[in-house]
Amino acid sequence: MTFRLYDTATREVRDFVPLEEGKAGIYVCGLTVQSEPHVGHVRSAVNFDVLRRWLTHTGHDVTFIRNVTDIDDKILTKSAEQGRPWFNLAYAMHAELTRALASINVLAPTYEPGATGHVPEMLQMIETLIANGHAYAAEDGSGDVYFDVRSWPAYGELTGQKVDDMEPAGDADPRGKRDPRDFALWKGWKQDSEPATAAWPSPYGPGRPGWHIECSAMAGKYLGPAFDIHGGGVDLRFPHHENEQAQSRAAGHAFASYWMHNAWITTAGEKMSKSLGNSLLVPKVLERVRGIELRFYMVSAHYRSHVEFSFEALDEAAVGFRRIETFLDRAGAGEVGAVPAEFVAAMDDDLGTPAAVAVIFDTVREGNRAEDPAPHAAAVRAMLGVLGLDPADPAWGAGSSDDAALTAVVDALVAGLLEQRAEARADKDYARADVIRDQIKAAGIVVEDTPAGPKWSLSDAR
RNA sequence: GGUGGGUUGGCCGAGAGGCGAGGCAACGGACUGCAAAUCCGUGUACACGGGUUCAAAUCCCGUACCCACCUCCA
């Protein structure tokens, strides 16, 4: 059984053959840290986190690089609007991102490079491109350096487009470009409108890096000129990924063997944007469901499928996940076992998480039916673990010592009431028994009778 | 104009020529003092119109609608 994945470049599902047996190098385009992350942003992170966990599970030594773009036009514009230094905005939003990803158990990457820390690497690559005849310094004295699209015949290969068919950007400022489709590798400093802190020295004059070059330079630095998988959101296919590939290959790098792109989460059929995105900021969503439930919601859909976000669907997913948790609770804290073959088959087929989740539910049902649920619970935990959804994973911040202490206190208080209720029930005085149960319920605690005796839990599962 | 993707039952969401993924909801039954949890059962779903085939949600042709991207937009 081999892992197969959909390669955007070839538009087909292909066997995954790493460059080096037993290893996998992955580069994922992270975020431009210009504002708080919303659920659309973190879906990408969850999808690639699942990829990483699956490759790790199947015995690969994974090097996972996810960048942050910490300098760009939007960061400069927004920070100016907010009257604070651009680096402060980027740093603060980066911290928000880290917090959001941790709350849904996305593993920290092997390394998370930022553009501002890799200016020399980028300049080096630009120099190579100029030497190879694929880039040129603008002749208008702007200090910009452009990639020469016409000099690279393969340009457009990733997205199957021909340069001549492309819509010339109406709003593009031709400035010193030879072709309107040429893109910036280096952007000259605009003294009148941009802070001096956003300019770095270069052979072309002070300036800052273009967007695409950072990924080419950083992928090259940390993964080498050739690596296995490059990922990101669908919107990045063009121009970003197309440009990355063109410049890297023009600089002599083989670059990525496979390209993976995750689809959007939309709201009301529309792409998320800051205007309607407010209610979908990650902390906001986490007021409604737990991080593990949000992650489950995202994993329940295939990474290449559009997801129409709705709180109703999110709630529904949370209910479904609690069914799994209830089973695990009932089965007791067992061991983590092996993953069933059907689960492996589902995951090997281009990360078929929906089918994988179906296997989890099937296993839960079998476990609920079985005399001894332990082996089933062990399998369920193994599967959840691979998906980053094991409720027992300490990453979910399960129970602080305060929580534990509080639980013991409540347990003692409820125990007395439950005893009275047990007496009433023994006397068949059900009216009194129900009054006691309602009393407890009024305090926000639900009592359920199980074969092992009454059990209490907070009525709000959160 | 170019490129790519989509339309599945009350809802979410898989599948990609033959056996109704899975979840949520609903209804019936079992269990329960009643509940809860759990189990068992119940559905003539594949945008529309043609076609190919013994067999189409799945392939082909056409139509409608939706979405993304086309040089600095996540």
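Lettering follows sequence order; numbering is per chain, from 1.
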A.B. asks: On RNA chain B, check which nucleotide each of A:G233 and A:N243 is closest to and give me the residue with the more 5' one.
C.D. replies: A:N243
A.B. asks: With a 4.0 Å limit, can you tell me whether A:R425 has a side-chain N or O closer than that to the phosphate oxygens OP1/OP2 of B:C34?
C.D. replies: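 Checking A:R425 against B:C34: no side-chain N or O falls below 4.0 Å of OP1 or OP2.
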A.B. asks: OP1 or OP2 of B:C39 sitting under 4.0 Å from any side-chain N/O of A:N368?
C.D. replies: yes
A.B. asks: Is the base of B:U71 touched by the side chain of A:Y155 through a donor-acceptor pair closer than 3.5 angstrom?
C.D. replies: yes
A.B. asks: Mind checking salt bridge (Lys or Arg N to Asp or Glu O under 4.0 Å) for A:R14 and listing every partner two or more places apart, or none if nothing turns up?
C.D. replies: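 Once residues adjacent in sequence are excluded, the partners of A:R14 under the salt bridge (Lys or Arg N to Asp or Glu O under 4.0 Å) criterion are A:D7.
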A.B. asks: Determine whether a donor-acceptor pair (one donor, one acceptor, N or O, separation below 3.5 Å) exists between the side chain of A:D235 and the base of B:C70.
C.D. replies: no
A.B. asks: Just distance, no hydrogens or angles: give the donor-acceptor pairs under 3.5 Å from side chains in residues 427-443 of chain A, sequence neighbours left out.
C.D. replies:
unit_1	atom_1	unit_2	atom_2	d
A:D429	OD1	A:R432	N	3.3
A:D434	OD1	A:R437	NH2	3.4

A.B. asks: Of A:L31 and A:V234, whose closest RNA chain B nucleotide lies nearer the 5' terminus?
C.D. replies: A:V234
A.B. asks: Between the base of B:C72 and the side chain of A:K74, is there a donor-acceptor distance below 3.5 Å?
C.D. replies: no
A.B. asks: What stems involve RNA chain B, if each pair must be Watson-Crick or G-U and both of its distances must be under 3.5 Å, with 3 or more such pairs in a row?
C.D. replies: B:1-7 with B:64-70, B:10-12 with B:22-24, B:26-30 with B:38-42, B:47-51 with B:59-63
A.B. asks: Going by the rule side-chain contact (heavy atoms from CB on, under 4.5 Å), which residues pair with A:A115 if we only count those two or more places apart in sequence or in a different chain?
C.D. replies: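 Per chain and number, A:A115 pairs via side-chain contact (heavy atoms from CB on, under 4.5 Å) with A:D70, A:I71, A:M122, A:E214.
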A.B. asks: Please list, for nucleotides 24-28 of chain B, all pairs of protein and nucleotide N/O atoms separated by less than 3.5 Å.
C.D. replies:
none

A.B. asks: For A:D362 and B:G22, give me the distance from atom CG to atom C1', rounded to whole Å.
C.D. replies: 7 Å
A.B. asks: Indicate, with yes or no, if the rings of A:Y297 and A:F309 have centres closer together than 6.0 Å.
C.D. replies: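 Yes, the ring centres sit under 6.0 Å apart.
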A.B. asks: Could you check whether atom CD of A:E419 has more than 12 heavy atoms from other residues, nucleotides or ligands sitting under 6.0 Å from it?
C.D. replies: no
A.B. asks: For B:A14 and A:S305 - does any side-chain N or O of the residue sit under 4.0 Å from the phosphate oxygens OP1/OP2?
C.D. replies: yes
A.B. asks: I'd like a list of close polar pairs between nucleotides 2-6 of chain B and the protein, N/O only, cut-off under 3.5 Å.
C.D. replies:
unit_1	atom_1	unit_2	atom_2	d
B:G2	N2	A:Q161	OE1	3.1
B:U3	O2'	A:T159	O	2.8
B:G4	OP1	A:R11	NH1	3.4

A.B. asks: Can you sort out the partners of A:E423 under salt bridge (Lys or Arg N to Asp or Glu O under 4.0 Å), two or more places apart, ordered by chain and number?
C.D. replies: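 Residues passing salt bridge (Lys or Arg N to Asp or Glu O under 4.0 Å) with A:E423: none at all.
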A.B. asks: Please list all pairs meeting side-chain hydrogen bond (donor to acceptor under 3.5 Å, both in side chains) that have one or both residues in residues 237-251 of chain A, counting only residues at least two apart or in different chains.
C.D. replies: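 Qualifying pairs, neighbours excluded: A:Y155-A:N243, A:E157-A:R249, A:T159-A:E242, A:H212-A:N243, A:S216-A:Q247, A:S216-A:S248, A:H230-A:E244, A:H240-A:E244, A:H241-A:E244.
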A.B. asks: Pair up each side-chain donor or acceptor in residues 369-379 of chain A with any protein partner under 3.5 Å, not counting sequence neighbours, and list the distances.
C.D. replies:
unit_1	atom_1	unit_2	atom_2	d
A:D372	OD1	A:A374	N	3.1

A.B. asks: Excluding sequence neighbours, so at least two apart, what forms salt bridge (Lys or Arg N to Asp or Glu O under 4.0 Å) with A:E448?
C.D. replies: none
A.B. asks: With hydrogens left out and only the distance checked, is there a donor-acceptor pair under 3.5 Å joining A:R437's side chain and the base of B:C34?
C.D. replies: yes
A.B. asks: Check ring-ring contact (aromatic ring centres under 6.0 Å, His included) between A:Y303 and all other residues, then give those that pass, not counting sequence neighbours.
C.D. replies: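 So A:Y303 forms no ring-ring contact (aromatic ring centres under 6.0 Å, His included) with any residue.
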A.B. asks: For A:E36, give me all partners under side-chain hydrogen bond (donor to acceptor under 3.5 Å, both in side chains), at least two apart in sequence or on another chain.
C.D. replies: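 For A:E36 there are no side-chain hydrogen bond (donor to acceptor under 3.5 Å, both in side chains) partners, ignoring immediate neighbours.
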